[in-house]
Amino acid sequence: MKKLLQDAIRERPLLGDGAMGTQLMIAGLEQGNCGEAWNLTHPERVLAIQRRYVEAGSDCIITNTFGGSRIMLTRHSEADHVVEVNKAGVEIARQAFGDKEGYVLGDIGPFGGLLVPFGDFTEAQVRSAFEEQARALVDAGADAIIIETQTSLEELSIGIEAAQTAGAKCIIGSMAYDVTLDGSTFRTMMGIEPERAAEFMEEHGAHIVALNCGTGMEMQRARQAVERYKRVTSLPVMVQPNAGKPRLINMKVVYDETPEQMVKDLLPLLNAGANIVGGCCGSTPEHIRAFRKVMDEFLESKGIEANGGQRESQAL
Ligand SMILES: [Zn+2]
């Protein structure tokens, strides 16, 4: 039987995938339209993107369900399709692996608003939306639930609890940090430091602490985040940085860190103890292919087979 993700990554680091949103745009999704609905209307295009990640060497694929909660889908008049969108998201990611034994991470992104008293959404509304989404993802066979691009501990805890209620066997909490103006440190938009986030996630029963996206959080900053996480928790760590800083060119957001630029800081990240590494906004199958090569060399240097198990035991 396949190992639980949190156990498998204690034996050897795994490779995540790259961006979905920017890839959907390349495949023809217009800005402001509902990318998650493509799981039902254009499944072949979503599949093609995820297949390219698997071909590039991804061990973990995140489902195309970032905005798949009822609250998010309602904004696109897709509230009738919550369960189908999420179910299809898991099935497409699984199909992308073909015969390969990979991990499908069911994605829950932010609900896209603020909780009362700062915003209009009650905790009960958000909890019900996250539980519905988590249940659909788990029931469809996701190996883990990732609650990602989080900036507040309140929303994160609702997400973790929803995943627990849905019976997820592995729960990943992933924060989005921004580098401060003076460049001295980084914290989330809501002021959360990585140490606090990691302690909070461990207390609340997450299995993997992660970071993704953010502003100014390139590979070297991601390594600092891994070190800060590892100082306060023994849980495995996942990192998915953006391909550089977003820049506005001709009214389009562009991420222009090349695979070569990004991959040069991968080895320090692995040496810092990152257990899953992938990319967020702007990263492509080419970035992941470059990551695969460095990761395989890293595994070889440690005497670990990329497809699992120690080299010594394979030889017996
Ligand atoms: Zn991102």
Side-chain angles (χ1 to χ4, degrees), residues 9 13 16 18-19 21 66 108-110 112-115 118-119 146-160 171-248 253-258 261-283 287 291:
I9 58 176
F66 179 86
I108 298 180
L114 293 172
L115 288 159
F118 306 105
I146 178 167
I147 300 124
E148 65 146 308
T149 323
Q150 291 296 314
T151 57
S152 95
L153 296 180
E154 222 178 342
E155 185 176 345
L156 173 69
S157 72
I158 298 172
I160 291 174
I171 301 169
I172 306 166
S174 190
M175 309 302 284
Y177 300 104
D178 303 325
V179 174
T180 53
L181 277 179
D182 67 0
S184 63
T185 186
F186 44 85
R187 55 177 82 102
T188 73
M189 193 172 68
M190 307 299 272
I192 311 301
E193 308 253 354
E195 290 84 357
R196 177 79 192 100
E199 285 168 351
F200 183 90
M201 285 190 245
E202 186 157 16
E203 282 163 22
H204 284 76
H207 303 94
I208 300 172
V209 298
L211 72 123
N212 71 287
C213 216
T215 309
M217 292 299 296
E218 296 101 336
M219 297 287 277
Q220 294 188 27
R221 291 287 186 173
R223 177 180 48 74
Q224 292 170 5
V226 171
E227 289 164 357
R228 291 175 68 174
Y229 277 166
K230 294 256 170 193
R231 248 174 254 152
V232 296
T233 180
S234 57
L235 292 179
V237 174
M238 171 173 181
V239 289
Q240 308 232 111
N242 291 340
K245 285 193 187 73
R247 294 195 298 139
L248 204 58
V253 179
V254 176
Y255 295 85
D256 52 10
E257 212 171 66
T258 64
Q261 286 169 321
M262 217 175 161
V263 82
K264 71 175 167 30
D265 293 314
L266 178 57
L267 199 56
L269 196 50
L270 292 170
N271 281 323
N275 303 89
I276 302 176
V277 181
C280 199
C281 301
S283 60
H287 290 81
F291 277 27

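Since the model is a prediction, treat every value here as computed from it, not as a measurement.
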Closest approach of [X] to [Y] (non-hydrogen atoms, all atoms of both residues):
| X | Y | value |
| --- | --- | --- |
| G16 | I276 | N-CG2, 4.0 Å |
| A19 | G282 | CB-N, 3.7 Å |
| A210 | I172 | CB-CG2, 3.7 Å |
| A198 | V232 | CB-CG2, 3.7 Å |
| G278 | P241 | O-CD, 3.1 Å |
| P194 | F186 | CG-CE1, 3.5 Å |

Would you compute the distance between atom [atom1] of [X] and atom [atom2] of [Y] and round it to the nearest 0.5 angstrom?
| X | Y | atom1 | atom2 | answer |
| --- | --- | --- | --- | --- |
| T149 | M189 | OG1 | CE | 11.0 Å |
| E193 | T188 | CD | OG1 | 9.0 Å |
| H287 | Q261 | NE2 | CD | 8.0 Å |
| N242 | M262 | CG | CE | 7.5 Å |
| I108 | S174 | CD1 | OG | 12.5 Å |

Check whether any side-chain heavy atom of [X] lies under 4.5 Å from a side-chain heavy atom of [Y], and answer yes or no.
| X | Y | answer |
| --- | --- | --- |
| Y177 | C213 | no |
| V209 | K230 | no |
| M238 | I9 | no |
| M219 | L266 | yes |
| L269 | V277 | yes |
| E218 | K245 | yes |
| L115 | I158 | yes |
| E148 | Q240 | no |

Partner set under salt bridge (charged side-chain N to carboxylate O under 4.0 Å, His left out) for [X], not counting sequence neighbours:
| X | value |
| --- | --- |
| E257 | none |
| D178 | none |
| E154 | none |

Set of residues satisfying ring pair (Phe, Tyr, Trp, His ring centres under 6.0 Å) with respect to [X], sequence neighbours excluded:
| X | value |
| --- | --- |
| Y229 | none |
| F291 | none |
| F200 | H204 |

Original post:
Is it true that atom CG of L181 has more than 12 heavy atoms of other residues, nucleotides or ligands lying nearer than 6.0 Å?
Top reply: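 Open: at most 12 neighbouring heavy atoms sit under 6.0 Å from CG of L181.
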Original post:
More than 12 foreign heavy atoms under 6.0 Å from CD of Q220: is that the case here?
Top reply: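 Check fails, neighbour count at 12 or below.
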**OP:** Applying side-chain contact (heavy atoms from CB on, under 4.5 Å), run through T233 and E199 and close with a yes or a no.
**Re:** CA-CA 7 Å; T233 180; E199 285 168 351; over 6 Å; no
Original post:
Quick one: which of Q224, R228, R221 gives a side-chain hydrogen bond (donor to acceptor under 3.5 Å, both in side chains) with T185?
Top reply: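 Answer to the side-chain hydrogen bond (donor to acceptor under 3.5 Å, both in side chains) test with T185 among Q224, R228, R221: R228.
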Original post:
Does the distance from a Lys or Arg side-chain N to an Asp or Glu carboxylate O, for R223 and D265, drop under 4.0 Å?
Top reply: no
Original post:
Given the rule in the side-chain contact (heavy atoms from CB on, under 4.5 Å) test, do L156 and I192 qualify, once you have shown the distances and angles that lead to the verdict?
Top reply: CA-CA 12 Å; L156 173 69; I192 311 301; over 6 Å; no
